[in-house]
Amino acid sequence: MDTSSYTYKALQKKYVNFITPALEVTIGNTTYSSKEIPILNLEVELTADGSAGGCTFTVDSQYKAEASRWKNDFDKSVKIGAKLAVRGGYVKMEEIFYGYIDDYSFAYSGEEGPNIEITGIDGLGYLMSMREPLYAGQQKAKNIVEDILSKSVAAGYAKKAKVGMLSGFETPIIKEQIDDWSFLNLMAGRYGATLFVVDGELIFDDVVSDTKPLLKLAVGAGLRSFTKRVSLAHQVGKVEIWGRDVNQKPIKGVADAVTVGGAEGKSAAQLVSGLKSAVLREYSEYVRTQKECELMAQNRLNGIAMGLVSGEGTCIGIPEIIPGRYIEIDGLDDSTNGSYFISRVKHRFDSAGYSTTFEVKGAKTK
């Protein structure tokens with residue numbers, strides 16, 4: 001995952017004022033350039049919410065009607081499970097998607113030439129099919145997550161995996177009647193981690209706590225539009241996690257202070273004092289000590305708090321914008337300017353050119 005910080009001015013220089021968008025699609029071992037074949041309405045969607053990322057596009061004008069065949073046998077390269085990678089940008093291009101083809105269709109029409117519509121999914125999609133049970137015993141959580149993610153790497157649907165330090169729980173891990181992807185999302189909630197994929201790298205880590213901005217955008221400097229939304233829906237002031245220790249004695253952990261989203265701004269309970277008495281109580285069979293109860297309560301509260309602020313932005317197409325990082329918005333009013341966690345990114349190439357849209361969220365606001 002790219003942990004660098006960029007300036008709009010430096011990216012503008014790198015991409016020569018963002019003139020003349022270009023892209024390449026690799027299917028299997030063959031790379032196709034948009035300069036050589038019509039690659040229409042390509043969209044890459046990347047998320048940092050535990051769901052799989054995807055890619056869709058259409059290839060047109062490659063069918064030779066007089067010979068009843070596709071140019072350069074293009075149709076034969078399109079196969080279910082084939083590697084799919086997309087590089088996009090301008091004079092210079094960067095990889096913005098890596099995964100595999102999971103769906104395609106040949107669309108024939110009597111009025112127009114046929115085309116091929118292709119859909120891809122990243123390495124998390126493969127884990128949705130893995131359903132074997134897991135009885136991990138005393139294995140460490142970090143090793144268990146690494147083993148699961150390595151399945152996609154071994155299958156060629158991801159390049160590598162990164163797992164952060166997972167500690168604080170000693171309860172043996174069991175997985176039954178659930179697929180690997182769903183299981184990893186449950187684990188992410190327990191450990192306060194984020195599960196997502198960027199450039200073929202499977203990531204299971206606490207990225208929300210690293211508030212260093214990826215990029216600053218402002219109106220006139222890349223940013224075309226931005227919307228900020230603040231909502232108290234589902235917000236609470238306190239989370240209590242109840243459980244039983246190894247001797248079946250009741251235990252409880254409490255969290256009432258949001259610890260993510262940086263120091264700037266206020267949480268929902270700080271903005272609305274009445275929310276301090278809004279308590280979410282849950283029982284967990286996963287905890288065995290008060291410390292574990294407190295850790296799970298804090299992770300639960302932080303997860304809820306990240307829904308306080310949401311928003312969407314659009315900008316000139318910038319390949320470096322990825323989910324799982326913070327973006328700084330500037331040049332607007334004081335209550336809107338600031339850093340936001342990027343939860344979803346869409347890179348789109350169409351007749352209007354190359355654009356990037358992004359969704360953000362945050363646990364605090366001014």
Side-chain angles (χ1 to χ4, degrees), residues 47-51 134-136 140-142 144-145 164-179 181-196 204-209 211 229-263 265-310 341 343 361-365:
T47 74
D49 61 4
S51 57
L134 172 67
Y135 304 99
K140 297 297 183 181
K142 178 180 174 69
I144 294 168
V145 174
M165 295 302 298
L166 306 181
S167 60
F169 298 101
E170 300 298 330
T171 306
I173 294 174
I174 296 175
K175 178 177 83 78
E176 294 180 311
Q177 298 181 344
I178 188 174
D179 61 80
W181 169 75
S182 298
F183 176 72
L184 288 176
N185 274 291
L186 288 175
M187 293 281 285
R190 292 171 183 170
Y191 285 92
T194 301
L195 173 66
F196 63 114
F204 188 102
D205 201 0
D206 173 19
V207 295
V208 175
S209 297
T211 58
R229 185 178 305 107
V230 180
S231 174
L232 291 179
H234 311 298
Q235 293 296 307
V236 298
K238 181 188 296 185
V239 171
E240 295 179 357
I241 299 295
W242 292 73
R244 291 184 178 276
D245 64 16
V246 293
N247 298 315
Q248 296 301 301
K249 178 182 177 181
I251 50 178
K252 180 181 74 170
V254 177
D256 58 9
V258 176
T259 60
V260 294
K266 296 181 179 180
S267 66
Q270 291 173 323
L271 293 169
V272 181
S273 59
L275 274 179
K276 294 179 180 179
S277 60
V279 182
L280 174 66
R281 297 182 177 90
E282 295 182 344
Y283 181 82
S284 174
E285 289 285 355
Y286 192 71
V287 292
R288 288 293 179 266
T289 67
Q290 181 178 339
K291 185 177 180 180
E292 291 179 348
C293 285
E294 292 171 353
L295 178 57
M296 184 172 287
Q298 189 64 65
N299 291 339
R300 188 79 171 93
L301 178 62
N302 286 345
I304 294 171
M306 286 299 289
L308 173 66
V309 179
S310 61
F341 181 77
S343 58
K361 62 182 182 179
K364 298 176 181 178
T365 188

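What you are looking at is a predicted structure, and each value in this text was computed from that prediction instead of being measured.
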> Got a sec, which residues hit ring-ring contact (aromatic ring centres under 6.0 Å, His included) with F341, two or more places apart in sequence or on another chain?
Replying inline: Y326
>> Once salt bridge (Lys or Arg N to Asp or Glu O under 4.0 Å) is applied, what residue pairs with a partner in residues 185-194 remain, sequence neighbours excluded?
In response: none
Nearest non-hydrogen partners of [X] and [Y], listed with the distance:
{"X": "S167", "Y": "L295", "answer": "O-CD2, 3.7 Å"}
{"X": "Y191", "Y": "N299", "answer": "C-ND2, 3.4 Å"}
{"X": "N302", "Y": "A257", "answer": "OD1-O, 4.5 Å"}
{"X": "A48", "Y": "T194", "answer": "O-CG2, 3.4 Å"}
{"X": "M187", "Y": "A141", "answer": "CE-CB, 4.1 Å"}
{"X": "K364", "Y": "S267", "answer": "CG-N, 4.0 Å"}

Residue list, salt bridge (charged side-chain N to carboxylate O under 4.0 Å, His left out) with [X], at least two apart or on another chain:
{"X": "K175", "result": "D180"}
{"X": "R281", "result": "E240"}
{"X": "K266", "result": "none"}
{"X": "D205", "result": "K162"}

> Which pairs pass ring pair (Phe, Tyr, Trp, His ring centres under 6.0 Å) with one or both residues in residues 265-286, sequence neighbours excluded?
Replying inline: F169-Y286
Of all residues at least two apart in sequence or in a different chain, which pass the side chain to side chain contact (heavy atoms under 4.5 Å, CB included) check with [X]?
{"X": "E282", "value": "I241, L280, R300"}
{"X": "S231", "value": "A233"}
{"X": "S209", "value": "D206, V260"}
{"X": "T365", "value": "K228, V230, L271, L308, V309"}

> Does the side chain of R288 come under 3.5 Å of the side chain of T171 through a donor N or O and an acceptor N or O?
Replying inline: no
>> Could you check whether E294 and Q298, counting side-chain N and O atoms only, form a donor-acceptor pair closer than 3.5 Å?
In response: no
Which atom pairs, donor and acceptor, lie under 3.5 Å between side-chain atoms of residues 245-256 and protein residues at least two apart or in another chain?
residue, atom, partner, partner atom, Å
D245, OD1, N247, N, 2.8
D245, OD1, Q248, N, 3.0
D245, OD1, K249, N, 2.8

>> Any side-chain to backbone donor/acceptor pair from N185 onto G50? Under 3.5 Å, distance only.
In response: yes
> Under 3.5 Å, is there a donor-acceptor pair between the side chain of S182 and the main chain of D179?
Replying inline: no
> Do F183 and I173 have side-chain heavy atoms sitting under 4.5 Å apart?
Replying inline: yes
> Just how far is it from atom CG of L166 to atom NZ of K140, taken to the nearest 0.5 Å?
Replying inline: 11.0 Å
